[in-house]
Amino acid sequence: MPELPEVETTCRGIAPHIQGHRVSGAIVRDARLRWPVPDLATRLTGHIVRHVERRAKYLLLRFDHGTLIIHLGMSGSLRILPAATPPRRHDHVDLLFGARCLRLHDPRRFGAVLWTADDPMRHPRLAELGPEPLSEGFDGGYLHRCAARRRAPIKSLIMDGHTVVGVGNIYASEALFLAGIHPARASQRISAARLDRLAAAVKQVLAHAIERGGTTLRDFLNESGEPGYFAQELFVYGRAGEPCKVCGTPIATRQIGQRASAYCPHCQH
DNA sequence: AAATTCTCCTGAAGGC
DNA sequence: TGCCTTCAGGAGAATT
């Protein structure tokens with residue numbers, strides 16, 4: 001499940017291999033992703049990838065005549081491989097660069113490959129997104145304004161891309177633990193001081209994970225490509241029933257906004 | 001407007 | 001061993 005740190009790591013991993021390189025062809029083996037994949041061969045062959053960047057969990061491959069927008073969904077991954085590498089099951093899309101290719105693998109097909117000839121930031125998928133969590137625009141004050149008069153659980157609020165992008169279930173859970181805030185607490189009933197701590201915690205867990213992802217052996221030229229987080233560093237996510245690492249109380253879980261949510265009943269209020 | 005529910009899809013895990 | 005059921009999960013769409 002690619003979270004923001006993994007998408008960022010993917011972005012950094014593939015950029016050196018395709019930025020400034022000319023697309024020599026494309027193969028769409030299965031166009032049935034979240035939305036139908038457009039005819040990439042016709043659209044991209046002969047064009048040069050000018051820049052690779054990330055916005056939220058979207059990867060943007062900028063060309064002179066438009067931008068390819070890629071989302072990895074729940075199970076997607078991108079790798080740089082020899083173009084002749086036989087495709088495995090669920091290898092849906094190849095962007096060819098001479099002897100190499102950028103290959104999209106996505107078993108659950110929740111991912112997306114979209115094309116826009118206009119400013120990608122105005123694309124319907126990107127236009128309404130909130131600030132990047134690691135940007136200056138995201139802080140306690142901003143979160144406090146978002147939380148005002150909102151009765152939704154704080155966990156739902158920070159996982160909503162309109163509030164802030166890239167905070168998935170793992171990092172929302174971990175950040176709320178670090179901030180000592182119960183995931184189900186009504187957003188409007190949390191003090192500005194505690195929201196300061198929450199914003200800081202979100203930045204902390206994401207920055208740490210990105211740092212780990214960047215320093216971990218991730219070779220986009222070969223296999224590898226494991227999750228960008230480390231189970232032994234998690235305080236609550238995936239630890240239901242296990243003792244809290246701080247106080248020893250068993251970690252509890254409950255459904256919040258259709259998502260499993262783990263928290264420490266003693267440390268989080 | 002805000003909140004909630006439904007939906008997509010497959011691999012993994014659990015039950016027997 | 002193997003078949004069947006259940007479930008997770010990002011985020012858009014539909015619904016209340």
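The sequence lines fix the lettering, A, B, ..., with proteins before strands; numbering per chain opens at 1.
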A/Arg259 or A/Arg151, whichever maps to the more 5' nucleotide of DNA chain B: A/Arg151

Length of the CG-P vector between A/Leu129 and C/dG12, whole Å: 7 Å

Could you list all the salt bridge (charged side-chain N to carboxylate O under 4.0 Å, His left out) pairs where at least one residue sits in residues 89-99 of chain A, not counting sequence neighbours? A/Arg29-A/Asp94, A/Arg88-A/Asp91, A/Asp91-A/Arg103, A/Asp94-A/Arg103

In terms of heavy-atom contacts, does CD of A/Glu136 have more than 12 from other residues, nucleotides or ligands at under 6.0 Å? no

Please list all pairs passing the salt bridge (charged side-chain N to carboxylate O under 4.0 Å, His left out) test where one or both residues lie in residues 151-160 of chain A, with sequence neighbours left out. none

Should the side chain of A/Arg108 and the base of C/dG10 be counted as holding a donor-acceptor pair, with the cut-off at 3.5 Å? no

Please find the earliest and latest nucleotides of DNA chain B, in the 5' to 3' direction, that have an atom within less than 4.0 Å of any heavy atom of chain A. B/dA2 to B/dG11

Figure out the CG/C1' separation between A/Leu72 and C/dG9, and round it to whole Å. 14 Å

Spacing of A/Trp35 atom CH2 relative to C/dA13 atom P, expressed in whole Å: 6 Å

Nearest-angstrom distance from the residue atom CD of A/Gln258 to C1' of C/dA14: 13 Å

From OH of A/Tyr171 across to P of C/dG9 the rounded distance in Å is 14 Å

Is the distance from OP1 or OP2 of C/dA11 to the nearest side-chain N or O of A/Lys57 less than 4.0 Å? yes

Salt bridge (charged side-chain N to carboxylate O under 4.0 Å, His left out) with A/Asp139: which residues, sequence neighbours excluded? none

Using a cut-off of strictly less than 4.0 Å between a heavy atom of the residue and any atom of DNA chain C, enumerate the qualifying residues of residues 156-163 of chain A by number. none

So A/His182 and A/Tyr263, would you call those rings parallel, tilted or perpendicular, with 30° and 60° as cut-offs? tilted

OP1 or OP2 of C/dG12 sitting under 4.0 Å from any side-chain N/O of A/Tyr58? yes

Give a yes/no verdict on base stacking between C/dG10 and A/Phe110: centres under 5.5 Å, planes within less than 30° of parallel. yes

Are A/Tyr237 and C/dG9 close enough that a side-chain N or O sits under 4.0 Å from OP1 or OP2? yes

Do other residues, nucleotides or ligands put more than 12 heavy atoms under 6.0 Å from A/His269 NE2? yes

Reading DNA chain B from 5' onward, which residue's closest nucleotide shows up sooner: A/Arg34 or A/Arg89? A/Arg34

Interatomic distance, A/Arg109 CZ vs C/dG12 P [rounded to whole Å]: 19 Å

A/Cys244 and A/Phe235, any side-chain heavy atoms less than 4.5 Å apart: no

The complete set of salt bridge (charged side-chain N to carboxylate O under 4.0 Å, His left out) pairs with one or both residues in residues 32-56 of chain A, sequence neighbours excluded, reads A/Glu8-A/Arg54, A/Asp30-A/Arg32, A/Arg50-A/Asp64, A/Glu53-A/Arg62, A/Arg54-A/Glu132, A/Arg55-A/Glu132

Stepwise ring-ring contact (aromatic ring centres under 6.0 Å, His included) test for A/His65 and A/Trp115: CA-CA 10 Å; A/His65 65 312; A/Trp115 173 259; 4.9 Å; yes

